[in-house]
Structures are given as C-alpha cells and as structure tokens.
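As a basis for the values below, the full set of heavy atoms in this structure was taken, side chains included, without hydrogen atoms, waters or symmetry mates.
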Amino acid sequence: MGKTNEKMRQLVKELQERREDVYKMGGERRVKRQHDRGKLDVRQRIDYLFDDGSFTEFGQHAYFHSNGKPVPQDDVRTPADGVVTGFGKINGRVAVCAAYDFTVLGGSIGDISEAKVTRAREFALKNRVPMIWLIDSAGARVHGGSGIDGDQISLFADSGYLFREQVTMSGVVPQIAAMVGPGAAGTAYIPGLADYVPMVKGTSSMALGGPPLVKAAVGEDIDEQSLGGAKVHNKYSGVADQMFKTDEECLDSIREYLSYFPQNCMEQPPAPAEEFIDDPERDEGGEIRETLLDILPESSRRAYDMRDLVAAIVDGGEYFEMKPKFARNIVTAFARIGGRSVGVVANNPKYMGGVLDNDSADKAARFINLCNSFNIPLVFLQDVPGFMIGSKVEKKGIIRHGAKMLFEVARATVPKITVLVRKAYGAGYYVMCGKAYEPDLIVAWPTAEISVMGAEGMVSIFARKMLEGNPEAETVKKQLVEAIEPYIDIYKVAGRGLIDEVIDPRETRDYIMAGLELAKNKTVERPYRKCGVRPV
C-alpha cells in the first residue's frame, strides 16, 4: 500500500458534507411545511417511485440562482436549484425523472434547473426510455430570492425549448407528468403535452395563471383548487387522466401505467406474464365466464355498466382506466388479455346511453392514438346508438370532434379486435372500428344489431306523416318496428360475410386472444405522406 492521500480524504469529506446539505432541501422549516400539507418531499417521492437503490442523480450541486450567481444567505437556499434529476429503474426497467422541489423557491424553473431538465430529456430521448416529471412547482422563476430578477426575465426570450422538445419526444418514449403539487404557467404545459397525467386531490393543481394573476388580469376571485384542482381537470377539462388521495397512490399509478408499455415506440409491450396466460375463472368452464350470459339486461333499452363486461374478460378482472371521471359514456382502459397488453375502447350505456358526444370522441381519439404510438393492440366493445345530434352539439363542433375519432381509428395500424355487443348504429359503428376500419377480427354477440339506426328510430322518421294524427299510431308503430327488425338481424349480416362470426358471449375472451395471436406480426403499408392533416 502507498502513502495515505490526505488531500483526497479531505475532498471526499467535503463532498459528503455538500451532499448532506443538498439532502436537506429547502431547510427543516420548509420541509416540515411540505409534510404538514400532506405531501411527500421530493426525495421521499424519488425513493418511493424507483426500485430500491436504483436511482442515480445528476446535477445535485447546481447551487445557483437563475442569474448564475451563488446565493449565500441562510434564508434563501437553492440546493439542486429546485429540481432533482436522474435515472433509475421502475419494475426493473430504466426511466428518467425530473422532480421539482417546492421547498426550494417553490420549485420554480430557473436557467440552471432547466439546464438539468434539458439534460434529463436528452437522456430519455437518446436512450429511448420513459421520461417522468413529478411536478410541484410555482412555474417560471421571476425572482432571485427577494424581489424581481431582471436577468431571469431577459432569459425568457431564449425559453420554450422544453415544450418543443416534448413534442419531439411525443410517441417516441412514454411521457408522464404527475401533478403532486401546483403546476402554474410553464409547468402547466408539461402535463398538457404528456401522455399520462395523474393528480393528487386537494394538493395538486394546474393552471396557466394562478389565482393572483387571474385576479389581476380578469378580476376573478378564485382559489387554487376551484381554478385548476384535481376535480376540475379530471371531471370537466379532461386534461388529467386520474385522481388520487395521496402522493403514494399517485406514484403507484405510474409504476402500474408503465407496466403496460414498451420502453419506446420501436419495442413491443412487455412479454406476456406467465401467471396471467391462464385465468381459470375466465377461461372455459370458469365461474366468471358464465356471468357474461347475464351482463346484458333482457330489454335492449335498459342500461348496464360496460365495465362489468370488461372486468369479466380481462386477466384477473384488473384494468387501468384512463380519464374515468371524464366523458363517462366511453371507457378507455389498459388491461391484459392472455398476458398481452391491450387498450380497451368500450361504449358505456350506463352514461347517456353510450351515445358519443364531443368529449367522448376526443377522449377515445387520444387514447387510440396513444395505443397506436406504442404498439398496444386495441380491443373495441361496441354498444353505441351513434353520435349525439341537435343544435347544441353542432354549435360545439360535433362533426369536427367525431372526425378526430374517425381519423385515429383509420390511422391505427396496431392489431384491432372488434366485438359487437348490442347496438352498432350510424357513424358510431364506424368510429368503434367497424368493418371498413380494418379490424383484424370482428365478431358479434347474438344480441348485436348493425344499422343506420334502430328500428324505432327509422319508423319515427320515415313514418312520421303516417303516424301524425292517427288514433292507432302506437299500434301501427309497433307493427312497423316488428316488420323492420328482421332486416337488422345479426345473422343476416353474418350471412353476407360482413362480420367474421356470431359468438357465444362466453367465448369473447377466447376470440380476442385468438385474434391477438393472429395479428401479432401484423404489417400494414400506407401511402407515403409527411403527416396526415388531423381534424382539430
């Protein structure tokens, strides 16, 4: 052994002291305030989300304000410049993370912190791994600890790269923006461009301008949660995808969400898990399989919850629903069938009879696009009376919104399996992957009907003059309906080769698995184009 290197030991000791100081984040008082609000601090979140011991941090010693000058005051700490960046493993697979620290200048974005996040995005894109943001941030930084920071304001002219680069990453790697606190202005567009946006009820929010700015600009008095809280964005705006009670539940959802996805667009979703390939309760003779005979009410006019059907056919009855509080007349969810990741798109008659409107068309279009981007097969469960009509929806652009769904279904080249459960009327049949939209397998229950509209609707329109003023209108209407119904019988459709098979409802899972196996090497060629002109 050589001589002891005291200088190296001193440098390492200094490094450890610096690290310990960084781990204190914004200081004991600010960290306590974070915990008192029911929130985890940034390092607790990192430890919880990533596999034990797998997280590698970089940029830890960015200890500067946005004007590039060190700030020595004890009351203005800027460890890591308010954002923890690094990479690690989630369920054994690598992901990159940028987690904003609200205890340091409100987690605001400065030029040093954004340089770190830019490096994180570079890591994710270059190495084709998911990018995760944990957002707890006041937005762009306009102060240097006390007062206005003129240098930071001038830097705005050279900003905006983060959003442009998110667009470049879109569809290449999964992007997740978890709202675990506020996200104002700059940090509000990150979730707007991300693929999956979970929020925490009561502590997270997002808005282009916070309450003080709203008051100053438009004179509206409003609190943070009413302006852009979890309920607003999960139920009304549709910007968020899920809402949770705690940080822990929110972070758990990220792990689950990624489990359905490949690392990037060039890969397939994770291989079938052995424990799910067989599901005795849902396979032949299984108890839950038998319940499929009783899910539909006897009357075709009565509602039921399509999620019961979804649970009966997917592995373990488990599915990961996207935007469950928004546009509830359509279900969009990730699940596994025979161990394979699938995206389920299903009309839900429990809400609005399953009719498609502006929001449900947008919700479905975005989900279909997401699945197609990452090679996740699509399973469509149809029970749709068509699109909503009337002046109210026309003024809101129902044609434009419906066209988005048409566009994405037609554009999708992943395996597509369609099951006609009950109604398949009008353009609703098209956008739910009817025959013309290249389903790799299209099957129907004996209860299914494919038609421009239902028999009663036809009679109401085409026999309107005959029925007006007729004292026996109800009797005549019933006779006409009974005369039309045989012509929309599903066996006539099958007899003309317009669907692949009429199936026993208990065989639904079997046929879907067979279709997925058939289409696993599917290849679709399209004419060259730079990009399609999407409806907006």
Side-chain angles (χ1 to χ4, degrees), residues 19 22-23 42-64 66 78-101 104 107-137 158-180 183 186-187 189-198 251 254-255 257-270 370 373-375:
R19 282 183 173 174
V22 169
Y23 292 147
V42 68
R43 296 198 175 276
Q44 289 174 328
R45 288 166 180 159
I46 292 290
D47 288 345
Y48 190 91
L49 177 61
F50 286 87
D51 297 350
D52 290 346
S54 71
F55 189 73
T56 300
E57 186 175 351
F58 65 87
Q60 188 180 86
H61 304 291
Y63 225 111
F64 298 88
S66 41
T78 61
D81 206 39
V83 63
V84 176
T85 51
F87 54 90
K89 290 185 177 180
I90 297 176
N91 297 324
R93 298 190 298 166
V94 174
V96 177
C97 183
Y100 292 91
D101 182 358
V104 177
S108 56
I109 301 176
D111 61 320
I112 302 300
S113 61
E114 178 51 25
K116 291 173 57 178
V117 180
T118 297
R119 183 67 167 152
R121 293 193 301 269
E122 180 186 332
F123 283 175
L125 183 60
K126 183 167 63 176
N127 297 292
R128 298 297 195 266
V129 296
M131 178 72 203
I132 301 166
W133 290 265
L134 304 182
I135 298 176
D136 191 358
S137 168
D158 193 36
S159 65
Y161 296 101
L162 69 164
F163 306 132
R164 189 206 68 200
E165 289 170 3
Q166 266 192 271
V167 174
T168 300
M169 295 167 70
S170 181
V172 180
V173 297
Q175 298 185 72
I176 296 170
M179 306 305 297
V180 286
T187 44
Y189 273 119
I190 296 173
L193 292 166
D195 307 333
Y196 174 54
V197 183
L251 298 172
I254 296 174
R255 298 177 69 90
Y257 175 88
L258 286 175
S259 73
Y260 294 100
F261 278 74
Q263 291 288 82
N264 57 68
C265 66
M266 300 302 292
E267 297 181 1
Q268 294 297 315
L370 176 60
S373 296
F374 290 104
N375 307 311

Sub-3.5 Å donor-acceptor pair from the side chain of [X] to the main-chain atoms of [Y], do we have one?
X	Y	answer
N375	P269	no
S137	G183	no
D195	Q175	yes
D51	N91	yes
N264	M266	yes
Q263	V94	yes
R128	V173	no

Side chain to side chain contact (heavy atoms under 4.5 Å, CB included), that's the test. Do R119 and T85 meet it? Break it down for me.
CA-CA 9 Å; R119 183 67 167 152; T85 51; over 6 Å; no

If you compare all heavy atoms of [X] against all heavy atoms of [Y], which two are closest, and at what distance to 0.1 Å?
X	Y	value
C265	S373	CB-O, 3.5 Å
S113	S108	OG-O, 4.0 Å
P262	P174	O-CG, 3.6 Å
P191	V197	O-CG2, 3.4 Å
F163	I190	CE2-N, 4.0 Å

Got a second to check how far [X]'s [atom1] is from [Y]'s [atom2], nearest 0.5 Å?
X	Y	atom1	atom2	result
R43	F55	CZ	CZ	8.0 Å
I109	K116	CD1	NZ	12.5 Å
I132	R45	CD1	CZ	14.0 Å
Y23	Q60	OH	CD	4.5 Å
E165	M131	CD	CE	10.5 Å
F58	F87	CZ	CZ	8.0 Å

Side-chain contact test, heavy atoms from C-beta onward, threshold under 4.5 Å: evaluate it for [X] versus [Y] and give yes or no.
X	Y	value
V104	P79	yes
V96	N127	no
Y100	V117	yes

Which label fits Y257 and Y196: parallel for a plane angle under 30°, tilted from 30 to 60°, or perpendicular past 60°?
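Answer is parallel, since the angle falls under 30°.
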
Would L134 and I254 count as a side chain to side chain contact (heavy atoms under 4.5 Å, CB included) here? Give the steps.
CA-CA 10 Å; L134 304 182; I254 296 174; 4.0 Å; yes

Please lay out, stage by stage, how C97 and I46 fare under the test side chain to side chain contact (heavy atoms under 4.5 Å, CB included).
CA-CA 8 Å; C97 183; I46 292 290; 3.8 Å; yes

Using a strict cut-off of less than 4.0 Å between a Lys/Arg side-chain nitrogen and an Asp/Glu carboxylate oxygen, indicate whether R121 and E114 qualify as a salt bridge.
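Counted as a salt bridge, because a side-chain N and a carboxylate O are separated by less than 4.0 Å.
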
Side-chain donor-acceptor pair under 3.5 Å between T118 and E122, yes or no?
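Absent: no donor and acceptor within the cut-off.
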
Do other residues, nucleotides or ligands put more than 12 heavy atoms under 6.0 Å from the CZ atom of F123?
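Counting other residues, nucleotides and ligands, CZ of F123 exceeds 12 neighbours.
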
Decide side chain to side chain contact (heavy atoms under 4.5 Å, CB included) for I90 and F50; before the verdict, give the C-alpha distance in whole Å, the side-chain angles of both, and the deciding distance to 0.1 Å.
CA-CA 5 Å; I90 297 176; F50 286 87; 3.8 Å; yes

